[in-house]
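For reference, positions follow the sequence shown, starting with 1. Values in this document were obtained by computation on a predicted structure and should not be read as measured data.
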Amino acid sequence: MKATLDHIGIAVSNLDEALAFYRDALGLDVQMPEEVSSQRVRAQFIQAGQGALELLEATDQDSPIAKYVAKRGPGLHHITLRVDDISAALARLKAHGVRLIDDAPRPGAHGWLVAFIHPSSAHGVLVELKQAAAEA
C-alpha cells in the first residue's frame, strides 16, 4: 500500500477565530469553506507546502467533531494519508487485524472517498485514508 501525507485535521470551536490565526497571523492561503453534511462539519482547507491543514468546525452538536471538542478541546484531530485504492487499502488493513471505524469508503470533502482507522490500532492517532472519487 503506497500512501502519502495529504493533510492534518484540526478540530476548532470557531472557524472564524481559527482563521484569524492561520490566515491572518500566519499569512497562509485558505480555500473556500465546504460544508460536509455526511460528517456534520464545515471544513476549511489551508495549503501549507505540499500538504494542507484542515480546520473542522462542527455544524451539529452531536457530530464527532463537536463531541471531540467537548471532551478534549480544540486541537489536532487526525492525519490523512492519500492512497490510490482505498478499498484495497481497507482490505489490507483488515487482513492485518487493524481496527477500522469505516469498513467501506464514504463521501468526504471535495468529493473524495474517505475511511478512518481507529486510534487504538494506530498508536493513539486517528488516521483517515482518502482517495479521489474519480479514481474509485
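- In this structure, Pro64 and Arg40 have side chains that are in contact, with non-hydrogen atoms separated by less than 4.5 Å.
- Linking Ile, Leu, Val, Met, Phe, Trp and Tyr whenever their side-chain heavy atoms come within less than 4.5 Å puts Ile86 and Val127 in one cluster.
- Taken together through direct or relayed side-chain contacts under 4.5 Å among Ile, Leu, Val, Met, Phe, Trp and Tyr, Ile8 and Leu15 form part of one hydrophobic cluster.
- Atom CD of Gln39 and atom CD1 of Ile65 lie 8.0 Å apart (nearest 0.5 Å).
- Partners of Glu57 according to the side chain to side chain donor-acceptor pair (under 3.5 Å) rule, which considers only residues two or more places apart in sequence or in another chain, are Arg42.
- The CD atom of Glu128 lies 9.0 Å from the CG atom of Asp102; values are rounded to the nearest 0.5 Å.
- Closest approach of Tyr68 and Ala11 over heavy atoms only: CD2-CB, 3.7 Å.
- Counting only heavy atoms from C-beta outward, the side chains of Gln31 and Gln47 approach each other to under 4.5 Å.
- Ser121 contributes no side-chain N or O that, together with a main-chain N or O of Val98, makes up a donor-acceptor pair within less than 3.5 Å.
- Neither Ile10 nor Leu126 shares a network with the other; the hydrophobic side chains, linked directly or stepwise wherever heavy atoms of I, L, V, M, F, W or Y lie under 4.5 Å apart, form separate groups for each.
- Heavy atoms only, all atoms of each residue included: Ala43 and Val36 are closest at CB-CG2, 4.3 Å.
- Trp112 and Gln131 get closest at one heavy-atom pair: CE3-C, 3.0 Å.
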Checking side chain to side chain contact (heavy atoms under 4.5 Å, CB included) for the pair Glu35/Val41: CA distance, chi angles, key distance, verdict?
CA-CA 6 Å; Glu35 193 100 9; Val41 297; over 6 Å; no
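- Contact record, Ala115 with Pro105: CB-CA, 4.4 Å, taken as the closest heavy-atom pair.
- Remark: the backbone N or O of Glu17 is paired with a side-chain donor or acceptor of Asn14 at under 3.5 angstrom.
- Counting heavy atoms from C-beta on, the side chains of Phe116 and Arg106 come closer than 4.5 Å.
- His7 has its side chain within reach of Lys130: a pair of non-hydrogen atoms, C-beta onward, lies under 4.5 Å apart.
- Side chain of His123 to main chain of Pro119: no donor-acceptor pair is present (N/O by atom type, distance under 3.5 Å, no hydrogens or angles).
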Residues Gln44, Glu34; criterion side chain to side chain contact (heavy atoms under 4.5 Å, CB included); working and verdict:
CA-CA 6 Å; Gln44 181 88 49; Glu34 178 181 358; over 6 Å; no
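- Rounding to the nearest 0.5 Å places CD1 of Ile117 at 4.0 Å from CG of Leu129.
- Formation of a donor-acceptor pair under 3.5 Å by the Asp6 side chain with backbone atoms of Thr80 is not found in this model.
- Using a 4.5 Å cut-off between side-chain heavy atoms of Ile, Leu, Val, Met, Phe, Trp and Tyr, with links allowed through other members, Tyr22 and Val69 fall into different hydrophobic clusters.
- The side-chain heavy atoms of Ile79 and Val125, taken from C-beta on, include a pair separated by under 4.5 Å.
- In terms of modelled atom types and a separation under 3.5 Å, the side chain of Ser63 and the main chain of Asp60 share a donor-acceptor contact.
- Neither Leu19 nor Phe45 shares a network with the other; the hydrophobic side chains, linked directly or stepwise wherever heavy atoms of I, L, V, M, F, W or Y lie under 4.5 Å apart, form separate groups for each.
- Using a 4.5 Å cut-off on side-chain heavy atoms (C-beta onward), Leu100 and Leu93 make contact.
- Looking at Lys94, its side chain does come within 3.5 Å of a backbone N or O of Asp103 through a donor-acceptor pair.
- Annotation: side chain of Leu56 is not in contact with side chain of Val12 (no heavy-atom distance under 4.5 Å).
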